[in-house]
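For the numbers below, each heavy atom of this structure counts, side chains included, while hydrogens, waters and symmetry mates do not.
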Amino acid sequence: MYRIGIDLGGTNIAAGVVDEGQHLVAEVSLPTGAERPAEAVVADICRAAEKAMEKAGITAAHCASVGIGSPGTCDSANGVVVRAYNLGWFNVPVCSMVTAQLGLPCHLSNDANCAALAETGCRNMILITLGTGVGGGIVADGRLLEGVGGTGAEVGHTVLVLDGEDCTCGRKGCWEAYASATALIRQGKRAAAAQPESLLAGYGEGLTGKDVFDAAAAGDAAAQAVVDRYCVYVAAGITDLVNILGPEMVLIGGGISRQGERLLAPIRAYVAANCFGGHDRT
């Protein structure tokens, strides 16, 4: 039997079909359109799953179940997204909605928790996702740390700057407001407005996080300053987590992680210099 996996993000819905050997045999991506009602987004989750099955040459009859990784706080036992600020979702029974449309059992968990379980290679680790928001998955003593009601490991909503930038959760100064891809784009646009001669200004409203890194790589001083500061924001939050949890490993995922060493090298250097005891675990 095959299984369908859904990665629900603030920007894209990614659907994949895996076989019994856990090999990915087909994948499809659709825009989330997070500004729409939850019902419309769930309809596209199902559409993405159907397209992935079609690409794999199978139907729902060949599948055992659907698994969904969603941002925010998830009630896994009842299949409900309790709150996902980047989607504007509160108490959305996503699993029952998907089952009603696809006719398959559906299971749900926080997206970063799903990623942490998939990547676990040691008994104590932290996985950070840098996307529309900042997610976290924590494995402690070999077990996923979910907290009461699935509310644990919401690391993006720890405060980095007191009375700082507004966050989608309603607080000010959260790590997510500085270290997410959304925050990087905002920082890039501010730099473009302040320095119209910068390469950043040429991207206009369509500026992406990748564009900021690419402009920096092309020698643009304003973009490089944004990248440098952004890496510090990411690294400062990671340093706090290392000091609190003392993990064996820190993993970084999400769209911004595709920048590879342009992102990771300065983060490693910062964490090594600033974490308690001077231990570099990234």
Do [X] and [Y] sit in one hydrophobic cluster, given that two such residues count as connected whenever their side-chain heavy atoms are within less than 4.5 Å of each other, even indirectly?
{"X": "I13", "Y": "V28", "value": "no"}
{"X": "I252", "Y": "L245", "value": "yes"}
{"X": "F90", "Y": "V41", "value": "no"}
{"X": "L264", "Y": "L184", "value": "yes"}

Check step by step if side chain to side chain contact (heavy atoms under 4.5 Å, CB included) holds for I126 and M249. CA-CA 6 Å; I126 302 169; M249 183 184 300; over 6 Å; no

Let me have the donor-acceptor pairs involving side chains of residues 226-242, under 3.5 Å, with sequence neighbours excluded, atom names and distances please.
from : atom 1 : to   : atom 2 : distance (Å)
D228 : OD1    : Q224 : NE2    : 2.8
Y230 : OH     : A179 : O      : 2.6
T239 : OG1    : A235 : O      : 2.8

Is it true that a side-chain atom of [X] and a backbone atom of [Y] form a donor plus acceptor pair closer than 3.5 Å?
{"X": "K55", "Y": "E27", "value": "yes"}
{"X": "R143", "Y": "A140", "value": "no"}
{"X": "N12", "Y": "A14", "value": "no"}
{"X": "E176", "Y": "H157", "value": "no"}

[atom1]-[atom2] distance between [X] and [Y], expressed to the nearest 0.5 angstrom:
{"X": "I68", "Y": "S76", "atom1": "CD1", "atom2": "OG", "result": "11.0 Å"}
{"X": "T158", "Y": "I244", "atom1": "OG1", "atom2": "CD1", "result": "7.5 Å"}
{"X": "I256", "Y": "T129", "atom1": "CD1", "atom2": "OG1", "result": "11.5 Å"}
{"X": "T151", "Y": "R83", "atom1": "OG1", "atom2": "CZ", "result": "8.0 Å"}
{"X": "T182", "Y": "Q187", "atom1": "OG1", "atom2": "CD", "result": "10.5 Å"}
{"X": "K172", "Y": "C174", "atom1": "NZ", "atom2": "SG", "result": "10.5 Å"}

Determine whether [X] and [Y] make a side-chain contact, defined as any pair of heavy atoms from C-beta on separated by less than 4.5 Å.
{"X": "K51", "Y": "R47", "answer": "yes"}
{"X": "L263", "Y": "F213", "answer": "yes"}
{"X": "M53", "Y": "H62", "answer": "no"}
{"X": "V212", "Y": "I185", "answer": "no"}
{"X": "I128", "Y": "W175", "answer": "yes"}
{"X": "H23", "Y": "V18", "answer": "no"}
{"X": "C63", "Y": "I58", "answer": "yes"}
{"X": "D111", "Y": "D7", "answer": "yes"}

Is it true that D19 and R3 make a salt bridge, defined as a side-chain N closer than 4.0 Å to a carboxylate O?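 Looking at R3 together with D19, the answer is no, because their closest N to O distance does not fall below 4.0 Å.
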
Working note: N110 + E146, criterion side chain to side chain contact (heavy atoms under 4.5 Å, CB included); need CA distance, chi angles, decisive distance, verdict. CA-CA 9 Å; N110 172 269; E146 293 186 278; over 6 Å; no

What side-chain donor-acceptor pairs closer than 3.5 Å can you find for residues 94-103, not counting sequence neighbours?
from : atom 1 : to   : atom 2 : distance (Å)
S96  : OG     : P93  : O      : 2.9
T99  : OG1    : C95  : O      : 3.0
T99  : OG1    : L104 : O      : 2.8

Listed partners of D214 passing salt bridge (charged side-chain N to carboxylate O under 4.0 Å, His left out), at least two apart: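 Expected list: K210, R262.
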
Return the set of residues passing side-chain hydrogen bond (donor to acceptor under 3.5 Å, both in side chains) with S198 (not counting sequence neighbours), or none when no residue passes. D220

So among N86, T32, T132, which one has a side-chain hydrogen bond (donor to acceptor under 3.5 Å, both in side chains) with T11?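 Considering N86, T32, T132, a side-chain hydrogen bond (donor to acceptor under 3.5 Å, both in side chains) with T11 is found only for T132.
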
Name all pairs fulfilling the ring pair (Phe, Tyr, Trp, His ring centres under 6.0 Å) condition that reach into residues 113-136, sequence neighbours left out, sorted by first residue then second. none

For V80 and W89, run side chain to side chain contact (heavy atoms under 4.5 Å, CB included): C-alpha distance rounded to whole Å, both residues' side-chain angles, the deciding distance at 0.1 Å, then the answer. CA-CA 10 Å; V80 175; W89 284 16; over 6 Å; no

Step by step, would you call S109 with C114 a side chain to side chain contact (heavy atoms under 4.5 Å, CB included)? CA-CA 7 Å; S109 188; C114 292; 3.7 Å; yes

Specify the closest pair of heavy atoms between L108 and S70, including all atoms of both residues, with the distance to one decimal. CD1-CB, 3.8 Å

Checking side-chain contact (heavy atoms from CB on, under 4.5 Å) against R171, which of D163, D166, V159 comes through? V159

Ignoring hydrogens and angles, write down the donor-acceptor pairs under 3.5 Å from the side chains of residues 190-197, residues two or more places apart or on other chains.
from : atom 1 : to   : atom 2 : distance (Å)
R190 : NH1    : E165 : OE2    : 2.4
R190 : NH2    : E165 : OE1    : 3.2
R190 : NH2    : E165 : OE2    : 3.1

